[in-house]
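One structure is given here, and the rest of the page talks about it.
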Amino acid sequence: MKITNTDKAPAAIGPYCQAVAVNGFLFTSGQVPIDPAVGDVVATTITDQAEQVMKNLAAVLEANEITFTDAIKTTCFLSDMDNFAAFNEVYAKYFTSKPARSCVAVKTLPKNVMCEVEVIALLK
């Protein structure tokens, strides 16, 4: 088992790691739109927050020498389903291989952000 900890993505804000690689798969923790350079949420729109989430996921994937095309399953959490279309536009730019996905609305996300995404990917 290999733990991922890259400074190119936000540090965990609880008792967990950014990702775990095991048996040929990478399981990421949910990434929220924290800008790692600042250590806090800067983006205020769903589009900008989704973009930051994708940047954070890219850094975690890159730390494991894989990309979005290696994703096989994602789970997306939205604070408001009215943001689904705008979120989906950003999501579609990154997950071009169209992995399996669940997308649910939740009452609240950490730091009151609008979206969070976790990924299961195949390691090379």
Side-chain angles (χ1 to χ4, degrees):
M1 191 164 63
K2 176 188 163 207
I3 303 297
T4 301
N5 239 342
T6 176
D7 60 2
K8 295 179 182 175
I13 54 176
Y16 60 91
C17 61
Q18 294 167 331
V20 175
V22 62
N23 293 335
F25 294 97
L26 181 73
F27 299 86
T28 75
S29 293
Q31 289 294 311
V32 294
I34 294 174
D35 181 336
V38 178
D40 206 355
V41 179
V42 177
T44 58
T45 67
I46 185 61
T47 299
D48 291 342
Q49 286 197 8
E51 287 285 353
Q52 185 62 58
V53 166
M54 298 308 158
K55 288 177 187 174
N56 295 344
L57 283 170
V60 174
L61 295 170
E62 183 180 293
N64 288 276
E65 301 177 353
I66 58 175
T67 68
F68 288 99
T69 59
D70 299 299
I72 56 174
K73 170 74 168 80
T74 65
T75 306
C76 307
F77 305 92
L78 301 178
S79 64
D80 186 341
M81 273 303 189
D82 287 343
N83 290 329
F84 181 80
F87 170 82
N88 213 38
E89 277 188 44
V90 175
Y91 178 97
K93 291 188 324 186
Y94 292 88
F95 290 100
T96 58
S97 61
K98 299 181 180 177
R101 175 176 93 169
S102 299
C103 186
V104 297
V106 295
K107 183 176 178 181
T108 310
L109 289 165
K111 296 190 167 271
N112 292 314
V113 299
M114 297 176 198
C115 59
E116 178 175 354
V117 178
E118 63 184 32
V119 175
I120 300 171
L122 189 60
L123 293 167
K124 294 180 177 175

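Residue indices begin at 1 and follow the sequence shown. All values below were derived from every heavy atom in this structure, side-chain atoms included, with hydrogens, water molecules and symmetry-related copies excluded.
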- Task: Tell me whether L61 is reachable from F27 by hopping between hydrophobic residues (I, L, V, M, F, W, Y) whose side-chain heavy atoms are closer than 4.5 Å.
- Result: no
Is the side chain of E118 donor-acceptor paired with the backbone N or O of T75 at a distance under 3.5 Å, no angle test?
no
query = Got a donor-acceptor contact below 3.5 angstrom from the N112 side chain to the T108 backbone?
reply = no
Mind checking whether I34 and I13 have side chains closer than 4.5 Å, heavy atoms only? yes
Problem set entry | Distance-only side-chain donor-acceptor flag, Q52 / N56, under 3.5 Å | yes
Check your understanding: Would you say V32 and K111 make side-chain contact, with heavy atoms under 4.5 Å?
Key -> no
- request: Is it possible for you to say whether V106 and Y16 belong to one hydrophobic cluster, with membership spreading through side-chain heavy-atom contacts below 4.5 Å?
  value: yes
P99 and A71 have their tightest heavy-atom pair at CB-O, 3.5 Å
Any non-hydrogen side-chain atom of Y91 less than 4.5 Å from a side-chain atom of R101? yes
Item to check | Single-linkage hydrophobic cluster L109~V42, side-chain heavy atoms < 4.5 angstrom | outcome: no
Would you call F25 and I72 a side-chain contact if the rule is heavy atoms closer than 4.5 Å? yes
The reported gap from CZ in F95 to OG1 in T67 (rounded to nearest 0.5 angstrom) is 10.0 Å
Residues E116 and P110: closest non-hydrogen pair is OE1-CD, 3.7 Å
Please tell me whether T45 and T47 have a donor and an acceptor in their side chains that are separated by less than 3.5 angstrom. no
Residues P33 and C115: closest non-hydrogen pair is CD-O, 3.4 Å
One should read off an interatomic distance between I120 CD1 and L122 CG, to the nearest 0.5 angstrom, of 11.5 Å
CD1 of I46 to CD of E51, rounded to nearest 0.5 Å, is 11.0 Å
- Message: In this structure, would M114 and V53 fall into the same cluster of hydrophobic residues linked by side-chain contacts under 4.5 Å?
- Response: yes
_Single-linkage hydrophobic cluster, 4.5 Å side-chain cutoff, F77 and L57 together_ = no
So F87 and V117, do their side chains get closer than 4.5 Å, heavy atoms only?
yes
The reported gap from CG in D70 to NZ in K124 (rounded to nearest 0.5 angstrom) is 4.0 Å
In short, N83 meets L78 closest at the heavy-atom pair C-CD1, 4.5 Å
Hey, is the main chain of P10 close enough, under 3.5 Å, to the side chain of Q18 for a donor-acceptor pair? yes
Using side-chain heavy atoms (C-beta onward) and a distance below 4.5 Å, is L26 in contact with V119? no
One should read off an interatomic distance between Q31 CD and M54 CE, to the nearest 0.5 angstrom, of 10.5 Å
Does K8 have more than 12 heavy atoms from other residues, nucleotides or ligands lying within 6.0 Å of its NZ? no
Checklist entry - For C17, does its backbone N or O pair with a side-chain atom of S29 as donor and acceptor, under 3.5 Å? => result yes
Pairwise side-chain contact, S79 with V113, heavy-atom cut-off 4.5 Å (strictly under): no
*Check: D35 side chain, A37 main-chain N or O, donor-acceptor pair, under 3.5 Å*: yes
- Would you mind reporting whether C76 and T74 have side-chain heavy atoms less than 4.5 Å apart? yes
When every non-hydrogen atom of K73 is compared with those of S102, the smallest separation belongs to NZ-OG, 3.0 Å
